[in-house]
Amino acid sequence: MVEDVKSVVSHFQIYGEFVSSEPHGSGHINDTYMVSYYQGGNIVRYILQRINQNIFTKPAELMDNVVRVTKHVRGKLIEAEQSEVSRRVLTVLKTYEGNNYYENEDGFWRVYLFIEKARTYDVLESVEQAYEAAKMFGYFQSQLVDLPGERLYDTIPDFHNGQKRYKAFLDALEADACNRAKDTKPEIDWLTDHAWIFDVLPDLVEKGEIPVRITHNDTKINNVMLDDETGEGMCVIDLDTVMPGLSLYDFGDIVRTTTSPADEDEQDLSKVNFELPRFDAILKGFLLTAGEFLNKAERRNLLLGGKLITLIIGTRFLTDYLAGDKYFKIHRENHNLDRCRTQFKLVQSITDQEDEVNKLLSKLMLRPINFSR
Ligand code: ADP
Ligand code: GN1
Ligand code: MG
């Protein structure tokens, strides 16, 4: 593979001598490599990614979105006289032909500058990190409020459409392609019981209370880089799903990936719990940067965003398990089922503590509209 990587990166405008390449990160979708070059006496690193074309079927449109968004964010950072701009926004490298990607028989490739002295976390180590991550995702959205030009491409149509995700689950259940439904009866029953939640947010969108904005749509915690030294939020990454969406889903995915101290694939479900101090931290971080543009209905439904996206992603893991692990990368048997279980447990844990959360939201004048069956 090193030889292949070396040949792929040779098409990009990178100077110096190729040194090495190795797989990098723990994303579920793309293939990511860290590539090192020797340049004028220093080692300089890059990120090379092969875009998963089973999932992103129009990668050229996707790159068009990424380039527009990163250019706009870069302009904002320069305008605000921010230091270290190239550590605060992804930089897309061009090929010698002047393209933003390179395509060969093995796939569709792109290269970013490597963001040094910062890292991502799969599980948070402190409440401060939760605050920083939420602040960054809110900031990212605020930077895109005035993105000029045409509507961005929908890189995955209906990405967070819970009703369609539920329908896909029902189809996978009926097909039961791998005869796995028998092993997952409690999860199927639990989901059937909670499927009504999928309708709540679309109702508010239909009534015009919740607007469609430009959102990131994959604000899980390992898609933001935090500075190694200061812990400060540096850069929002993984921009493949930046497209029109709901702000509440972005906040929701922060809830999903920061409020429990457990891994997404933790097998000991007693470790999966919604922790109020973490929620308090992300609420403050997100409102600091997104508070200015969020409307009243959005502010009042922040917790719902968390519940809903966690339910949607749990449903997607269960669907993929039933279908035979076709979508998310897995690294062990039953991996998607384990992931599904943590998500459903977290939704249950949020529900169990809803009164407490509502007290907190009331203090911030964010008491949610009562929604129930
Ligand atoms: P996936 O879509 O598969 O999740 P990501 O774009 O999130 O792919 O990249 C996977 C991991 O690679 C990230 O979690 C992060 O740790 C690392 N990474 C991605 N882009 C960069 C970058 N520009 N600089 C440094 N690390 C990066
Ligand atoms: C995938 O690419 P990554 O690993 O950041 C997925 C998200 C899920 C997440 C669950 C394009 O995110 O929607 O929430 O896994 N991305 C896509 O961990 O499907
Ligand atoms: Mg990622």
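As the structure is a computational prediction, the values presented were derived from the model and not from experiment. For ligands, and for the atoms within them, numbers begin at 1 and follow the listed sequence.
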Closer than 4.0 angstrom, basic N to acidic O: yes or no for Asp227 and Arg87?
yes
Ring geometry between His331 and His335 (parallel below 30°, tilted from 30 to 60°, perpendicular above 60°)
perpendicular
Tell me, please: is Arg316 in heavy-atom contact with ligand 2, that is, under 4.0 Å?
yes
Thr241, any N or O under 3.5 Å of ligand 2 N or O:
no
Is the Phe169-Tyr166 ring centre distance short of 6.0 angstrom?
yes
If I compare all heavy atoms of Leu90 with all of Arg74, which pair ends up nearest, and what's the gap?
O-NH2, 3.7 Å
Lys/Arg-Asp/Glu bridge criterion (N-O < 4.0 Å) met for Arg50, Asp4
no
In this structure, atom 1 (P) of ligand 1 is nearest to the protein heavy atom Asp238 OD2, 3.4 Å
Main-chain N/O of Tyr112 paired with Thr91 side-chain donor or acceptor, under 3.5 Å:
no
Asn223, any N or O under 3.5 Å of ligand 2 N or O
yes
Which of the atoms in ligand 2, numbered in the order shown and given with their element, are less than 4.0 Å from a heavy-atom of Tyr327?
11 (C), 17 (C), 19 (O)
Contact check, side chains of Asp338 and Thr342, non-hydrogen atoms, under 4.5 Å
no
Can you name the nearest heavy-atom pair linking Met34 to His24, along with the distance?
N-CB, 3.8 Å
Quick check on contacts: which atoms of ligand 1 are under 4.0 angstrom from a heavy atom of Asn223?
7 (O)
Lys/Arg N to Asp/Glu carboxylate O, Glu266 vs Lys345, below 4.0 Å
no
Return a yes/no value for Ser26: is any of its N or O atoms, backbone included, closer than 3.5 angstrom to an N or O of ligand 1?
no
for atom 21 (C) of ligand 1, nearest protein heavy atom and its distance come out as Ile47 CG1, 3.4 Å
Parallel, tilted or perpendicular: which one describes the rings of Tyr33 and Trp109, with boundaries at 30° and 60°?
tilted
re atom 24 (N) of ligand 1, the protein heavy-atom contact at minimum distance is Ile115 N, 2.8 Å
Report the member of Asp253, Thr257, Asp218, Ile55 with the shortest heavy-atom distance to atom 7 (C) of ligand 2.
Asp218
Number the atoms of ligand 2 from 1 as they appear, then name those within less than 4.0 Å of a heavy atom of Asp238, with their elements.
2 (O), 3 (P), 5 (O)
Near the Mg ion (ligand 3) (cut-off under 2.8 Å), count of protein N, O or S atoms:
2
Atoms in ligand 1 flagged as close to Gly27, the criterion being non-hydrogen separation under 4.0 Å:
1 (P), 3 (O), 4 (O)
Could you list the atoms of ligand 1 found under 4.0 angstrom from a heavy atom of Thr120?
14 (O), 15 (C), 16 (O)
Taking every heavy atom of Asn273 against every heavy atom of Pro261, the minimum-distance pair comes out as O-CD, 3.6 Å
N/O of Gln49 under 3.5 Å from N/O of ligand 1, yes or no?
yes
Enter the distance from Leu248:CG to Leu302:CG here, rounded to the nearest 0.5 Å.
6.0 Å
Which heavy atom of Pro244 sits nearest a heavy atom of Asp154, and at what distance?
CD-OD1, 4.0 Å
Short question: side chain of Asp158, backbone of Asn161 - any donor-acceptor pair under 3.5 Å?
no
Among the heavy atoms of Leu239, does any lie under 4.0 Å from an atom of ligand 1?
no
Is the closest N or O pair between Asn217 and ligand 2 shorter than 3.5 Å?
no
If you measure every N or O of Tyr112 against every N or O of ligand 1, does any of those distances drop under 3.5 Å?
no
N or O contact, Asn222 vs ligand 2, cut-off under 3.5 Å:
no
Distance from atom 1 (C) of ligand 2 to nearest protein heavy atom, with residue and atom
Ile29 CG1, 3.8 Å
Glu298 vs Arg213, salt bridge (charged side-chain N to carboxylate O under 4.0 Å, His left out): CA-CA, chis, key distance, verdict
CA-CA 12 Å; Glu298 289 174 308; Arg213 304 182 182 280; 2.7 Å; yes
Compare all side-chain heavy atoms of Phe293 with those of Ser142 and state whether any distance is below 4.5 angstrom.
yes
What is the ring orientation for Tyr102 with His11, classed by angle as parallel under 30°, tilted 30 to 60°, or perpendicular over 60°?
parallel
Using a strict cut-off of 4.0 Å, indicate which atoms of ligand 2 neighbour a heavy atom of Phe159.
11 (C), 13 (O), 17 (C), 19 (O)
Atom indices of ligand 2, in the order listed, that fall short of 4.0 Å to a heavy atom of Phe56:
11 (C)
If the cut-off is 4.0 Å to any non-hydrogen atom of Gly27, which atoms of ligand 2 fall inside it?
4 (O)
Subset of ligand 2 atoms that lie under 4.0 Å from at least one heavy atom of Glu264
10 (C), 18 (O)
Ligand 1 atoms in contact with His24 (distance to a heavy atom under 4.0 Å):
12 (O), 17 (C)
Does the distance from a Lys or Arg side-chain N to an Asp or Glu carboxylate O, for Lys117 and Glu229, drop under 4.0 Å?
no
Within the 4.0 Å heavy-atom shell around Leu90, which atoms of ligand 1 are there?
23 (N)
Between Thr258 (side chain only) and Ala130 (backbone N and O only), is there a donor and an acceptor less than 3.5 Å apart?
no
Heavy-atom distance to atom 23 (N) of ligand 1: which of Leu113, Ile237, Asp240 wins?
Leu113
